[in-house]
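Atoms within a ligand are numbered from 1 in the order they appear, just like the ligands themselves.
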Amino acid sequence: MNQPEIIIIAALAASNRVMGKNGKLPWHIPADSSRFQNLINGHAIIMGRTTWEYDVEKRPATQCFNVIISTSTPKDEIAELQQQYPSNLLFVSSIPKALQKVSHHQQAFIVGGAAIYSQTLNLADTWELTLVEGDFEGDTFFPEYEYLIGDRFEMVNQENHPGHRYETYKRIV
Ligand SMILES: NC(=O)c1ccc[n+]([C@@H]2O[C@H](COP(=O)([O-])OP(=O)(O)OC[C@H]3O[C@@H](n4cnc5c(N)ncnc54)[C@H](OP(=O)(O)O)[C@@H]3O)[C@@H](O)[C@H]2O)c1
């Protein structure tokens, strides 16, 4: 089976790894949203059911192949959505199935949320992280990842901007 580059893409507070509040992002950073769109366009994206329902409000990214991981979405709802978006929306019941379904893509972006990040952090080839400065409260946290740096992943790029920075990590083993 062909395997795409698996890329985790996430924005998190630099101070405490907060990444979500009440089903939404805790901030609005247009530059980061544009960068996110530019990176994912034309590729596969994989997300958990909560991110699909609350964050992206059940609207698939039109220029991506959207894969939603869920065990609870009713069959009739899935059928209706897949009829509405026949070519770029798919529901699967596990992470291995999601990875199998994107095997024909060159890049597959894991776009959250926390439950999906924590299960894929170690199997990803690349992390594209946006570290947001400031104090944020939230209910969802990006998993601890720092312990893998130097051991399994290394930083290959860092870009500083007012209020946030981008860091790219690549797997080394
Ligand atoms: N800052 C960022 O970059 C970013 C990115 C994305 C999301 N977010 C935020 O993250 C929050 C949502 O994250 P979350 O952790 O609550 O939810 P999530 O990861 O989006 O979705 C969790 C759901 O995914 C399904 N799932 C997870 N693991 C599975 C597995 N192994 N097999 C089958 N299904 C599985 C389950 O759906 P079922 O219950 O249907 O089985 C589970 O309830 C929101 O606040 C959102 O705004 C932030």
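Residue Ala10 has at least one heavy-atom neighbour below 4.0 Å for each of these atoms of ligand 1: 3 (O). Atoms of ligand 1 found under 4.0 Å from any heavy atom of Ala114 (numbered from 1 in listed order, with element): 13 (O), 14 (P), 15 (O), 19 (O). Residue Ile116 approaches ligand 1 through these ligand atoms, each under 4.0 Å from one of its heavy atoms: 19 (O), 27 (C), 28 (N). Here is the list of ligand 1 atoms found below 4.0 Å of a heavy atom in Ser93: 32 (N), 33 (C). Close contacts of ligand 1 with Arg49, meaning ligand atoms under 4.0 Å from a residue heavy atom, involve 21 (O), 23 (C), 24 (O), 37 (O), 38 (P), 39 (O), 40 (O), 43 (O). Those atoms of ligand 1 that come under 4.0 Å of a heavy atom in Lys21, given as number and element, are 45 (O). The atoms of ligand 1 that sit less than 4.0 Å from any heavy atom of Ser72 are 38 (P), 39 (O), 40 (O), 41 (O).
With contacts defined as side-chain heavy-atom distances shorter than 4.5 Å, the pair Ile172/Phe153 does not qualify. Between Thr73 and Ile68 there is no side-chain heavy-atom pair separated by less than 4.5 Å.
Within the set Ile9, Thr71, Thr50, the minimum heavy-atom distance to atom 21 (O) of ligand 1 is found for Thr50. Scanning Asn22, Ile110, Ile69 for the heavy atom closest to atom 34 (N) of ligand 1 points to Ile69. Comparing heavy-atom distances from atom 20 (O) of ligand 1 across Val132, Asp139, Thr51 singles out Thr51 as nearest.
Of all protein heavy atoms, the one lying nearest to atom 15 (O) of ligand 1 is Ala115 N, 2.9 Å. Regarding atom 10 (O) of ligand 1, its nearest protein heavy-atom neighbour is Met19 CE, 3.3 Å. The protein non-hydrogen atom at the shortest distance from atom 1 (N) of ligand 1 is Ala11 O, 2.7 Å. Given atom 18 (P) of ligand 1, the protein heavy atom at minimum distance is Gly113 N, 3.5 Å. Regarding atom 30 (C) of ligand 1, its nearest protein heavy-atom neighbour is Gln119 OE1, 4.0 Å.
For the ligand labelled ligand 1, residue Lys24 lies inside the 4.0 Å heavy-atom shell. The closest approach between any non-hydrogen atom of Tyr54 and ligand 1 is not below 4.0 Å. Residue Leu25 places a heavy atom less than 4.0 Å from ligand 1.
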| task | Kindly determine whether Glu5 and Lys170 satisfy salt bridge (Lys or Arg N to Asp or Glu O under 4.0 Å), including the steps that lead there. | result | CA-CA 11 Å; Glu5 180 185 5; Lys170 292 278 182 190; 3.0 Å; yes

Query raised in the report: Does the side chain to side chain donor-acceptor pair (under 3.5 Å) test come out yes or no for Glu167 and Tyr169, once each step is laid out?
Result: CA-CA 7 Å; Glu167 293 184 352; Tyr169 293 85; 2.5 Å; yes

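Considering backbone and side-chain atoms alike, Thr73 places every N or O at 3.5 Å or more from each N or O of ligand 1. Between Gly112 and ligand 1, a contact under 3.5 Å exists for no N or O pair. Of the N or O atoms in Ser94, none lie within a sub-3.5 Å distance of an N or O in ligand 1.
Protein heavy atoms are found less than 4.0 angstrom from atom 46 (C) of ligand 1.
Cluster membership check: Leu129 does not share its hydrophobic cluster with Leu39, using side-chain heavy-atom separations under 4.5 Å among Ile, Leu, Val, Met, Phe, Trp and Tyr.
Between the side chain of Asp55 and the main chain of Lys24, no donor-acceptor pair closer than 3.5 Å is present. Using a distance-only test at 3.5 Å, with no hydrogens or angles considered, a donor-acceptor pair links the side chain of Tyr117 to the main chain of Ile9. At least one donor-acceptor pair closer than 3.5 Å links the side chain of Asp139 to the backbone N or O of Asn22. In this structure a side-chain-to-backbone donor-acceptor pair under 3.5 Å is present from Arg17 to Phe142. With hydrogens and angles ignored, the 3.5 Å screen pairs a side-chain donor or acceptor of Arg171 with a backbone N or O of Ala124. Of the possible polar contacts, one joining the Asn88 side chain to the Cys64 backbone as a donor-acceptor pair under 3.5 Å is found.
Side-chain polar atoms of Gln107 and His105 form no donor-acceptor pair below 3.5 angstrom.
Taking the six-membered ring for Trp and thresholds of 30 and 60 degrees, Tyr166 and His164 have ring planes more than 60 degrees apart, a perpendicular arrangement.
At a 4.0 Å heavy-atom cut-off, ligand 1 touches Val111 through the backbone alone.
Remark: of the listed residues Ile8, Thr51, Ile110, Leu121, Ile110 is the sole one forming a side-chain contact (heavy atoms from CB on, under 4.5 Å) with Ile116.
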